[in-house]
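Heads up: the structure comes next, in structure tokens.
Both backbone and side-chain heavy atoms feed into the values below; hydrogens, waters and symmetry mates do not. Given the structure is predicted, the values throughout are model-derived calculations rather than measurements. Proteins get letters first, then strands, A, B, ... in listed order; numbering begins at 1 in each.
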Amino acid sequence: MFDNKSFDSKYNPFDFEQKIYDFWENNDVFKVEINKEKKKFVIPMPPPNVTGVLHMGHALQDSIQDLYIRYKKMKGYNVFWIPGKDHAGIATQNVVEKMLKKEGVTKEKLGREKFLEKVWEVVDKHKNHIEKQKRYLGDSCDWSKEKFTLDTDMSKAVIHAFVELYNRGYIFKGKYIVNWCPRCGTALSDEEVESKEEKSNLWYIKYPIVGENDYIIVATTRPETMLGDTAVAVNPADERYKKYIGKKALLPLVNRQIPIIQDGYVDPSFGTGAVKITPAHDPNDYEVAKRHDLPLVYVIDSKGFMTNDLPSHFANLERYQCREKVVMQLKEEGLLIKVEEYTHAVGYCSRCDTAIEPMLSDQWFVKLKELSLEARKYVENGTIKIHPSRWEKIYFDWIDNLKDWCISRQLWWGHRIPVYYCDECNEIIVSEENVEKCPKCKSSKIHQDEDVLDTWFSSWLWPFSTLGWPNKTDMLDYYYPTDLLVSGYDILFFWVIKMIIAGSTFLNKPPFYDIYLTPLIRDKFGRKMSKSLGNGIDPLDIVKQYGADALRFTLIYLSTDGQDINLDPLKFEMGRNFANKLWNAFRFAYPYIEQVEISEDEMKTNNLTNDFDLYDKWIFSKLNQLLKQLDHYYDNYKIQFIAQYIYNFIWHDFCDWYIESCKPFLFGSDIKLKTRKSKMLKYLIISILKIIHPLMPFISEKLYQSISSNNGKILANEKYPEYDEKSIDEKIMEDFSFIENLITNIRTIKAELNLHTNKDLTFFVKTDDENERSLIIQEIMIIKSLSQISHIDFIEKEPSAKFSTSVVKNSSIFLIIEGLVDIEKEIERLKKEISKINDIKEKLETKVKSKDFIGKAKPEIIERTKKELLEYKAKIEKLEDKLRIIEK
RNA sequence: GGGUGAUUAGCUCAGAUGGUCAGAGCACAUGCUUCACAUGCAUGGGGUCACUGGUUCAAAUCCAGUAUCACCCACCA
């Protein structure tokens, strides 16, 4: 299936990416199996909405998760990336309701059972959609292990969790003012409400005092709710209103007499200091009403319309229309004193963007606060680490301010609440099994609670329900706790915290040890990506345009600790160009590496080092240094550095310097040298493919499969290279940097004197440093080749002819330019360089002259600074000497 | 009202414990169709590290304050 000849062609990821994925699957590369001999590494995949489509956030999170899964697998771990999907209660129900609406049907018309059939139909159709998309990204999941939050076993876990919490006293039913979405027709948790700043008004309304020619003025942001007022409240300490307390106000428009009461909740400095109390439609007012035993008057129904028992001109109006009408009529009656512009926060349903209506209703709650103590400790004592760590503070803030969690939803799509009511004796039965008979009165007139559970009530169990909990399975035993959770920080509160609470509550263990919170992806202007703005970038479009490897690499490269990613699609060019670079490096090396074999033994660093020259030793040092750094960055979740360091190594160290240094040998006639360089190339290419594989799995596997001696071996199953501290040789790297500087200096002189193309130049070197001299002699062929000159000769004295010059460490290089270029140009160039170095020199000088510095800085810093100063001084001296000579 | 983050080259952003940290990519300029790559190679220009104080021998980095921006949380009607 792999055409080796394709290396005559350009990098074209579309030719092979999906073939490679099939290749992995056909070879069971992703297969998950318990193996107690091996250490495990588990990531529970945040389950995407079953009817959803892949967005950039998924692409980023999956790239990171796959990065770790593939890396750990190559490091010898038995990995499990638990795949799954979420039934997403409200979201999915909304999708289906919208579809039905197009057909002119409502869910009420269909009835619960038929409606659910319809939802399942839609879900089944969508079911594999996201999974397919994730295959394009290269996600290394065992898809046969996929779970769905409404699967039978998952449902059992949910029901079990509910019953257990109920029995332990952490679940209760109660009448409270909850966030109600009139469009979705259900209660929501606090987290599902998004508050938005909104410009509105503060209306000041006169409420006449009964039996007196006086009135009290209240201020409100929601005039329509006045129809449901049952009191006016003032602060007990407010002198202005003392005289009204105990009296009654006549509620305008409906002419109801309501008491004027005092309550500490009222802030005298806000508005008029007098508050209308609408207990049925405001959480604070409700609390006030409870304290004062006030009646509740409902005026808004569950659809957001006014109730029909109101005066006819208000009855059945939509709430905002009613507001206008109320304001109008108040104006007509002269009761509206003033209207003030006022900005305040209004809650919106995060699913459908409808304004939330606080509603009094019967709902089920979880006492989260009491359950969260252990969860707090996990992070406190480092059992769970959050990366980046600043989120830990935010985690504590949240956990310390948890409120009761409203878990009942007035929906049909979801896990039905396992609570049964006896119609005869009103007994409440909470049971994991279906209840047919009342255990108390034996009646069979039983009905189950109509509501379903919040989606998050199933997903908070995800890290263990997917492993078989509440059964004691081998999976659970082996894989739990999982190791890493990768998620956008936006659901830290919805989900991550709740999972930790669930883990501690049901299993007495954390659900995972590390949490990596990814940045959010925004458009290039920093705006959220959304359908309505049309500024979303579809990851699959990027895959089609640049390839999955480019997408993955770029996203990881951009995933920094600091902030959200403002994504310009052009950035993917970087990943694509890099993949192209790798492809072409391979293309170059291919014929050579095909001609040599390297044994397993030789593959071990130590055994390749025998005949190494400077470049070999240097690239080896760099490779091992890279491996060491990568391990560190993987361990510390500094993933942008993983991409960055690999990029620099492959592009600059390997391609720009090592491969270029090999060319004279590869093109030369010395078979022995050619063979050694070929072996080196083979070794390095194979190492590079392994290193890059977790980031760019497709191209690396494709190239790996193209090496004929790898027949049968699959890169995804290979072992990751381990670094060897002994191979990191500082002296070698210093020597190399001398040669590198020498070459760069020659190139610079050539470029600045417009001699780019002139290859027939002789450079002279004057040095009294023996090490540098011998390095030059040793590497002369490569120096000439990389700097494109014809000769290098040593001299004892500065040349007598006019020259261009540069200082490299302890050596000086010269190019005779008399007759070649304008001398003035060289003088200018030299002066510029001298002044540059002089600036640095002066800085160092003042430092070294400072008594404080000498007295207080660490000795090694002083020493280093002094040494630097000497170097710069010497360099300047040399350059100035030369300047004098030329200027003569 | 509380909190978090940001402010570094024309643009987008890195800068781990204060001293080789002033960087990358893109853009720009010059020269290269050199035998892997023009999705490329070589060379270069470009920054008072938001501002003001402070700590320190030494600050982009630590502290305090100011300004601007972004996000999160919060029942003041």
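In this structure, the nucleotide among rC41(B), rC35(B), rA77(B) sitting nearest to the side chain of Phe667(A) is rC35(B). Closest approach to the Lys847(A) side chain among rC13(B), rC37(B), rG19(B) is made by rG19(B) (side chain taken as heavy atoms from C-beta onward). Counting only heavy atoms from C-beta on, Lys571(A) has its side chain closest to rU12(B) among rC41(B), rU12(B), rA77(B). Considering only side-chain atoms of Asp656(A), the nucleotide from rC57(B), rU39(B), rC41(B) that sits closest is rC41(B). In this structure, of rC37(B), rC75(B), rU20(B), it is rU20(B) that holds the atom nearest to the side chain of Glu871(A). Checking rA74(B), rG40(B), rU4(B) against the side-chain heavy atoms of Ala345(A) singles out rA74(B) as nearest. The side chain of Phe641(A) sits closest to rA14(B) out of rU20(B), rA14(B), rU4(B). When distances run from any side-chain atom of Asn284(A) to the nucleotides rC75(B), rA14(B), rU4(B), the shortest one goes to rC75(B). You'll find that the side chain of Phe270(A) is closest to rA77(B), out of rC57(B), rA77(B), rU12(B). Of the candidate nucleotides rA42(B), rC75(B), rU20(B), rU20(B) has the atom lying nearest to any side-chain atom of Arg864(A).
Pair check for rG19(B) finds rC57(B); Watson-Crick or G-U wobble, both atom distances under 3.5 Å. Base pairing analysis places rC35(B) opposite nothing; no Watson-Crick or G-U wobble pair with both distances below 3.5 Å involves it. Base pairing of rC69(B) is made with rG5(B), judged by Watson-Crick or G-U wobble geometry with both donor-acceptor distances under 3.5 Å. The base-pairing partner of rA77(B), taking Watson-Crick or G-U wobble contacts with both distances under 3.5 Å, does not exist among the strands shown. Remark: rU43(B) base-pairs with rA29(B). Criterion, Watson-Crick or G-U wobble with two distances under 3.5 Å. Nucleotide rU12(B): paired with rA24(B) (Watson-Crick or G-U wobble, both distances less than 3.5 Å).
Taking only side-chain nitrogens and oxygens, Lys393(A) comes nearer than 4.0 Å to OP1 or OP2 of rU4(B). At rG40(B), one or more side-chain N or O atoms of Asn577(A) fall inside 4.0 Å of OP1 or OP2 (strictly under the cut-off).
In this structure, the side chain of Thr220(A) engages the main chain of Arg222(A) through a donor-acceptor pair within 3.5 Å. When atom types are taken as modelled, the side chain of Asp282(A) and the backbone of Asp285(A) share a donor-acceptor pair closer than 3.5 angstrom.
If you find the closest nucleotide of RNA chain B to Glu660(A) and to Tyr557(A), the one lying nearer the 5' end belongs to Tyr557(A). Toward the 5' end of RNA chain B, the nearer of the two residues Asp852(A) and Tyr645(A), judged by each one's closest nucleotide, is Tyr645(A).
Using a 4.0 Å heavy-atom cutoff across all strands shown, Trp391(A) reaches no nucleic acid atom at all. Within 4.0 Å of Trp651(A), counting heavy atoms only, lie sugar-phosphate atoms of the nucleic acid but no base atom. Within the nucleic acid shown, Gln640(A) comes within 4.0 Å of sugar-phosphate atoms alone, with no base atom in reach, counting heavy atoms only. Note on Thr865(A): nothing from the nucleic acid sits closer than 4.0 angstrom, heavy atoms only. Glu287(A) comes within 4.0 angstrom of no nucleic acid atom, judged by non-hydrogen atoms across all strands. Nucleic acid contact for Val266(A): base, since at least one base atom lies under 4.0 Å from a heavy atom of the residue. Among the heavy atoms of the strands, none lies under 4.0 Å from Arg222(A).
Rounded to a whole angstrom, the distance from the C1' atom of rU48(B) to that of rA60(B) is 12 Å. The same atom, P, is picked in rG44(B) and in rC51(B); the two are 29 Å apart, to the nearest Å. Rounded to whole Å, the separation between the P atoms of rU7(B) and rU30(B) comes to 33 Å. Taking atom P on both rC63(B) and rC73(B), the two are 26 Å apart, rounded to the nearest angstrom. Rounded to whole Å, the separation between the C1' atoms of rC26(B) and rG45(B) comes to 16 Å. One P atom belongs to rA22(B), the other to rC13(B), and the distance between them is 24 Å to the nearest Å. Taking the C1' atom of each, rC62(B) and rU55(B) are spaced 8 Å apart, rounded to whole Å. Only the C1' atoms considered, rG47(B) is 14 Å distant from rA24(B), to the nearest whole Å.
Counting distance only, with no hydrogens placed and no angle test, the side-chain atoms of Lys858(A) and the base atoms of rA58(B) include no donor-acceptor pair under 3.5 Å.
Atom CD in Glu740(A) sits about 20 Å away from atom P in rU20(B), given to the nearest Å. In this entry the distance linking CD1 of Ile556(A) with P of rA14(B) reads 17 Å, nearest Å. One atom, CD of Glu868(A), and another, C1' of rC21(B), lie 13 Å apart when rounded to the nearest Å. As a whole-Å value, the separation of Glu392(A) CD from rG3(B) P is 20 Å. Counting to the nearest Å, the P atom of rC73(B) and the OH atom of Tyr489(A) are 11 Å from each other.
To the nearest 0.5 Å, atom OH of residue Tyr342(A) and atom CH2 of residue Trp203(A) are 12.5 Å apart.
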